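Worth saying up front: this structure is predicted, and the values here are computed from it rather than measured. Position 1 is the first residue of the sequence; numbering continues from there. When reading the values below, keep in mind they use all heavy atoms of this one structure, side chains included, and skip hydrogens, waters and symmetry mates. Whatever order the structure lists them in is the order used to number ligands and atoms, beginning at 1.
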Amino acid sequence: MNQNWRGALTRHLLLLLAGSLLLGLLSGHYAWALVLGLSLYLGWALRQLLRLQHWLQRAQADAEPPTSHGLWGEVFDSLYRLQRRDLRQRTRLQAVIDRVQESTAALKDAVIMLDRDGNLEWWNRAAGQLLGLQTPQDSGQPVTNLVRHPRFKDYFERANYHEPLELPSPVNERLHLQFQITRYGDHDHLMLVRDVTRVHQLEQMRKDFVANVSHELRTPLTVICGYLETLQDHSEDFNPRWQRALQQMQQQGGRMQNLLNDLLLLAKLEATEHPSDYQPVAIERLLQSIQSDAQALSGEHHRISLQADAQLMLKGSEAELRSAFSNLVFNAVKYSPDAGEIQLRGWADENGAHVSVQDQGLGIEAKHLPRLTERFYRVDSSRASNTGGTGLGLAIVKHVLLRHRARLDIRSDPGEGSTFTCHFPSSQVVRR
Ligand code: ADP
């Protein structure tokens with residue numbers, strides 16, 4: 001190709017020179033003949049340039065280039081080839097983009113792209129159905145203006161997207177959606193929204209079933225336990241063989257009652273997001289009362305100390321907080337040998353308020369810690385049956401803390417003891 005245009009250029013120059021020489025020979029004015037030749041060549045070159053400019057200006061992708069000879073012909077052809085290649089690449093890219101858009105449009109899940117400030121950039125068809133986003137009106141709008149739920153705003157602004165968020169759809173209360181946000185590129189956000197109505201309904205059915213069964217079992221069990229107590233009061237009238245059986249029946253009846261009470265409490269905690277009574281609760285007074293209950297449970301076998309900030313108050317439900325802290329303290333008593341020391345603490349700092357229960361008991365292996373707050377999870381079933389626990393204590397603690405925007409931190413060394421700390425954010429703290 002290079003050779004071609006070099007040859008053409010040389011040919012043109014040689015022709016120009018030969019023509020000028022011939023004209024000079026005929027006219028005797030070599031200089032004027034050369035000027036004339038050069039002017040003619042310049043005029044021709046300018047005309048080709050104008051044709052090129054004209055072609056480029058109206059350049060439709062497939063318009064044929066002007067025809068020309070020599071160097072200019074080469075230039076036109078090369079430009080035309082470049083243009084065709086560019087067109088082919090653009091068509092291929094457009095096909096890829098179309099396929100991606102078609103496949104995301106076919107998705108049942110909503111896909112939404114947001115910029116670093118949370119303004120809508122692009123979304124698929126499902127986003128319109130699930131969230132009611134409209135093209136093009138909503139483009140550039142902040143997502144928090146369109147999904148106006150306070151929990152979504154909180155979730156989006158906290159920027160901690162490890163766990164997904166579940167909410168009802170803003171356009172259809174009966175749809176339940178799961179929001180999952182991922183950061184990408186230059187702090188942009190990719191938001192995936194799934195319809196989890198069915199899973200939500202199943203979960204609700206499970207909760208209702210457990211709550212209903214627990215409720216229905218309560219009355220018959222109360223009657224059975226009541227009669228067992230009456231029989232126990234007259235145990236001397238029975239054959240001694242039956243006395244042990246009666247005692248065991250009463251003990252197991254008591255365990256079942258505790259289990260039902262815990263299941264009902266969990267069902268109640270799950271039914272709403274926040275406690276209905278949101279009063280300031282004096283932590284020192286609450287811990288003092290739990291301390292004396294724990295002393296009674298321990299039968300004075302453990303040393304239970306208390307150190308709490310007398311000024312500290314937490315916003316929340318006293319009954320729920322009592323239940324959570326009692327579970328932690330009673331566990332410390334249950335899982336500590338006699339003469340073990342248990343420390344209750346309550347304090348506040350710049351991070352919020354903290355309540356901790358430290359024991360020098362059996363401790364827990366690290367592998368159990370992440371699963372400890374699951375329902376019925378037990379480190380060692382023989383340990384649990386001795387203590388008569390229901391396996392729901394820490395699940396209740398976790399739920400109560402969630403409802404008070406708090407979290408549970410567990411540190412433990414087998415054989416050394418455990419520390420359970422409840423961390424409350426500053427927003428929950430009230431100072432006297
Ligand atoms: P349980 O009613 O069985 O005590 P929990 O949910 O309260 O159920 O506790 C779950 C498990 O965690 C218990 O079975 C026990 O093995 C372990 N655990 C809880 N608290 C302590 C503690 N202070 N020391 C050692 N193990 C503990």
Identify which of Ser336, Ser418, Gly391 has a heavy atom lying nearest to atom 2 (O) of ligand 1.
-> Gly391
Phe152 ring center within less than 6.0 Å of Phe179 ring center | yes
For Leu372, the ligand 1 atoms with a heavy-atom partner under 4.0 Å come out as 12 (O)
Note: Asp359, heavy atoms under 4.0 Å from ligand 1, region reported as side chain
Between Arg99 and Glu102, is the closest basic N to carboxylate O distance under 4.0 Å?
-> no
So, for Gly352 and Val429, which heavy atoms are closest and what is the spacing to 0.1 Å?
-> C-CG2, 4.1 Å
State the atoms of ligand 1, each with its element, that fall below the 4.0 Å cut-off from a heavy-atom position in Gly393.
-> 5 (P), 6 (O), 7 (O)
Please state which part of Ile364 comes within less than 4.0 Å of ligand 1, counting heavy atoms only: side chain, backbone, both or neither.
-> side chain
Between Tyr377 and ligand 1, which part of the residue brings a heavy atom under 4.0 Å of the ligand: side chain, backbone, both or neither?
-> backbone
Which atoms of ligand 1 have any heavy atom of Lys334 under 4.0 Å away?
-> 2 (O), 4 (O)
According to the interplanar angle, ranging from 0 to 90°, do the rings of Tyr278 and His404 count as parallel (below 30°), tilted (30 to 60°) or perpendicular (above 60°)?
-> parallel
Can you find a pair of side-chain heavy atoms, one from Leu266 and one from Val210, that are under 4.5 Å apart?
-> no
Heavy atoms only: give me the nearest Glu236-Asp233 pair and the separation to one decimal.
-> OE1-O, 3.6 Å
Run the numbers for me: atoms of ligand 1, each under 4.0 Å from some heavy atom of Thr390, listed by number.
-> 2 (O)
Answer yes or no: is there a side-chain heavy-atom contact under 4.5 Å between Leu165 and Arg151?
-> yes
Quick one: does Phe420 get an N or O within less than 3.5 Å of an N or O on ligand 1?
-> no
